[in-house]
*Asks:* 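Once you've had a glance at the structure underneath, I'll fire off some questions.
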Amino acid sequence: MTTIPPVVPPLPRISPYARNLPVSSATVWLRAGWHDLTRNPLSSLLYGLFVFLLSAALIVGLVVLEWDFAIFPVLAGFLILAPALAIGLYDKSRSLEEGRPIKLAHMLMPRAQSGGQILFTGAMLCGLLLLWMRAAVLIYALFFGVRPFPGFNHIVQMLFATPTGLAMLLVGSAVGGLFAAFAFAISAFSIPMMLDRRLDSLTAMGTSWALVWNNLPALVVWGAVVLALFVLSVATGMIGLIVVFPWLGHATWHAYRAICR
């Protein structure tokens, strides 16, 4: 008589990615990022100084070329490129995890496991920034026509004291928010993932999008924290980036580690 073996239910599949992280995760990531910043702080602060000088040079260049109308879109677009600029900070946090020595040269020229794939993502973010700047110019033209940019002495009054200015702010913020949300979704985890793992850029960006969606409340809070700290840095004349940028860069690595187990 043949014995029929019992049916064994399949083992549940364990996803390597976390879901539904608590909204308080942002504070955990910030604490971990600050801890990495204070370990061999000179390398992180020099990295932040480099980003500050790059930002200051860009703004001064726009003023000298009399393209001051593009300063606000460029500042908003900075958040689009920030994840790519922070790759050296991710590398430092990874080195601290692995117990390797910290070298500024390695941070400036990190070796990604995905090789040149990470450049494709950077190029896509640059293209997204250029597209946003063109959209910002078109929005200005739709509301103010061919009227030249009034300069910083009159821009506040034009934007906040006129119905047209307020309407342009509302539409511009909505459109800019869509650009920022898309850039955040595809780059929040794709760049640290390509630094840490061997995979193509499209897979990394798609995975990043899914991870943001699966942890949306926590990532919305995280995005709001990033935005608030960036606005604070702008209020200090971008000098705050010297500390804020490496702090957020290291914290982003720990956000990646918390979600990509």
*Asks:* So, Asp200 side chain and Thr203 main chain: donor-acceptor pair closer than 3.5 Å or not?
*Replies:*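 Answer holds: yes.
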*Asks:* Can you establish whether the number of heavy atoms outside Phe50 located under 6.0 Å from its atom CZ is more than 12?
*Replies:*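 For Phe50, atom CZ is not crowded (no more than 12 foreign heavy atoms under 6.0 Å).
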*Asks:* For Ala204, is there any backbone N or O sitting under 3.5 Å from a side-chain donor or acceptor partner on Ser208?
*Replies:*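 No; zero donor-acceptor contacts below 3.5 Å.
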*Asks:* Can you find a heavy atom in the side chain of Leu142 that is under 4.5 Å from one in the side chain of Val171?
*Replies:*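 No; the side chains remain at least 4.5 Å from each other.
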*Asks:* Heavy-atom distance under 4.5 Å between the side chains of Leu128 and Met124, does that happen here?
*Replies:*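 Contact flag for Leu128/Met124 side chains = no.
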*Asks:* Nearest 0.5 angstrom please: Lys92 NZ to Trp253 CH2, how far?
*Replies:*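 Rounded to the nearest 0.5 Å, the NZ-CH2 separation comes out at 14.0 Å.
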*Asks:* Honestly curious: do Val175 and Leu130 fall in one hydrophobic cluster under the side-chain, below-4.5 Å linking rule?
*Replies:*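 Per the 4.5 Å side-chain linkage, Val175 and Leu130 are not co-clustered.
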*Asks:* Could you walk me through whether Leu125 and Ser187 satisfy the side chain to side chain contact (heavy atoms under 4.5 Å, CB included) test, starting with their C-alpha distance in whole Å, then the side-chain angles of each, then the deciding distance to 0.1 Å, before giving a yes or no?
*Replies:* CA-CA 8 Å; Leu125 293 175; Ser187 64; 4.1 Å; yes
*Asks:* Would you say Trp132's side chain and Gly176's backbone share a donor-acceptor pair under 3.5 angstrom?
*Replies:*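 Not at all, since once roles are kept as given, no pair shorter than 3.5 Å links the two residues.
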*Asks:* Going hydrophobic residue to hydrophobic residue with side-chain gaps under 4.5 angstrom, can you get from Leu75 over to Leu169?
*Replies:*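 Leu75 and Leu169: one cluster.
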*Asks:* Rounded to the nearest 0.5 Å, what separation is found between the CG atom of Leu58 and the CG atom of Leu54?
*Replies:*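 One finds 7.0 Å between CG of Leu58 and CG of Leu54.
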*Asks:* Dump the intermediate steps for side-chain hydrogen bond (donor to acceptor under 3.5 Å, both in side chains) on Tyr256 and Asp196, then the final yes or no.
*Replies:* CA-CA 10 Å; Tyr256 159 72; Asp196 189 46; 2.9 Å; yes
*Asks:* Heavy atoms, side chains only, cut-off 4.5 Å: are Leu37 and Leu45 in contact?
*Replies:*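 Answer yes - side chains close enough.
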*Asks:* Can Val51 be reached from Leu53 by stepping across I, L, V, M, F, W or Y side chains whose heavy atoms are under 4.5 Å apart?
*Replies:*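 Hydrophobic grouping puts Leu53 with Val51.
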*Asks:* Where do His250 and Ser44 land on the side-chain hydrogen bond (donor to acceptor under 3.5 Å, both in side chains) test, with the steps shown first?
*Replies:* CA-CA 9 Å; His250 293 310; Ser44 295; 2.8 Å; yes
*Asks:* Would you call Leu199 and Gln117 a side-chain contact if the rule is heavy atoms closer than 4.5 Å?
*Replies:*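 Side chain of Leu199 against side chain of Gln117, heavy atoms only: no contact under 4.5 Å found.
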*Asks:* Can you check whether His254 reaches Asp36 side chain to side chain, under 4.5 Å on heavy atoms?
*Replies:*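 Contact flag for His254/Asp36 side chains = yes.
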*Asks:* Hydrophobic cluster membership, with links at side-chain heavy-atom distances under 4.5 Å among I/L/V/M/F/W/Y: are Leu178 and Phe182 in one?
*Replies:*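 Different clusters.
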*Asks:* Are any of the side-chain heavy atoms of Thr121 and Leu202 separated by less than 4.5 Å?
*Replies:*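 Side chain of Thr121 against side chain of Leu202, heavy atoms only: no contact under 4.5 Å found.
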*Asks:* Distance from Ile191 atom CD1 to Thr252 atom OG1, nearest 0.5 Å?
*Replies:*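 Interatomic distance, Ile191 CD1 to Thr252 OG1, rounded to 0.5 Å: 10.0 Å.
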*Asks:* Consider only side-chain heavy atoms of I, L, V, M, F, W and Y, link residues closer than 4.5 Å, and tell whether Leu131 and Val74 are in one cluster.
*Replies:*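 Yes, same cluster.
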*Asks:* Which heavy-atom pair separates Ile186 from Met205 by the least distance, and what is that distance?
*Replies:*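 That closest heavy-atom pairing would be O-CG, 3.5 Å.
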*Asks:* Just by distance, do the side chain of Ser173 and the backbone of Leu170 share a donor-acceptor pair under 3.5 Å?
*Replies:*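 No; judged by distance alone, with no hydrogens or angles, the pair does not exist.
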*Asks:* Are Leu46 and Met107 close enough, and set up right, to give a side chain to side chain contact (heavy atoms under 4.5 Å, CB included), and what steps lead you there?
*Replies:* CA-CA 10 Å; Leu46 287 175; Met107 294 173 62; over 6 Å; no
*Asks:* Say whether, by atom type as modelled, one donor and one acceptor occur between the side chain of Arg94 and the main chain of Leu195 under 3.5 angstrom.
*Replies:*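 Flag set: sc Arg94 to bb Leu195 pair under 3.5 Å.
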*Asks:* Before giving the answer on side chain to side chain contact (heavy atoms under 4.5 Å, CB included), spell out for Leu21 and Trp29 the whole-Å C-alpha distance, their side-chain angles and the decisive distance to 0.1 Å.
*Replies:* CA-CA 12 Å; Leu21 289 176; Trp29 302 337; 3.9 Å; yes
*Asks:* May I ask you to test the Asn40-Leu96 pair for a side-chain heavy-atom distance under 4.5 Å?
*Replies:*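 In short, these two side chains do not touch, never coming nearer than 4.5 Å.
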*Asks:* Can a donor-acceptor pair be found, under 3.5 Å and without considering hydrogens, that links the side chain of Tyr47 to the backbone of Gly88?
*Replies:*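 Pair found, side chain donor or acceptor close to backbone of Gly88.
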*Asks:* How long is the straight-line distance from CE of Met193 back to OG1 of Thr207, given to the nearest 0.5 Å?
*Replies:*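 Rounded to the nearest 0.5 Å, the OG1-CE separation comes to 5.0 Å.
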*Asks:* Considering only distance and modelled atom types, tabulate donor-acceptor pairs under 3.5 Å from the side chains of residues 222-245, sequence neighbours left out.
*Replies:*
from	atom 1	to	atom 2	distance (Å)
Ser233	OG	Leu229	O	3.0
Thr236	OG1	Ser233	O	2.6
Thr236	OG1	Gly240	N	2.9

*Asks:* If you link I, L, V, M, F, W and Y whenever their side-chain heavy atoms are under 4.5 Å apart, who else ends up in the same group as Val64?
*Replies:*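 Val64 clusters with Val60.
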*Asks:* Within the 4.5 Å heavy-atom criterion, are Ser114 and Phe120 side-chain neighbours or not?
*Replies:*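 No. Closest side-chain heavy atoms not under 4.5 Å.
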*Asks:* Looking at residues at least two apart in the chain, or sitting in another chain, which of them share a salt bridge (charged side-chain N to carboxylate O under 4.0 Å, His left out) with Arg134?
*Replies:*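 For Arg134, no residue satisfies salt bridge (charged side-chain N to carboxylate O under 4.0 Å, His left out) once neighbours in sequence are set aside.
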*Asks:* Rounded to the nearest 0.5 Å, how far does CE of Met194 lie from CD1 of Ile87?
*Replies:*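 Ile87 CD1 to Met194 CE: 8.0 Å, rounded to 0.5 Å.
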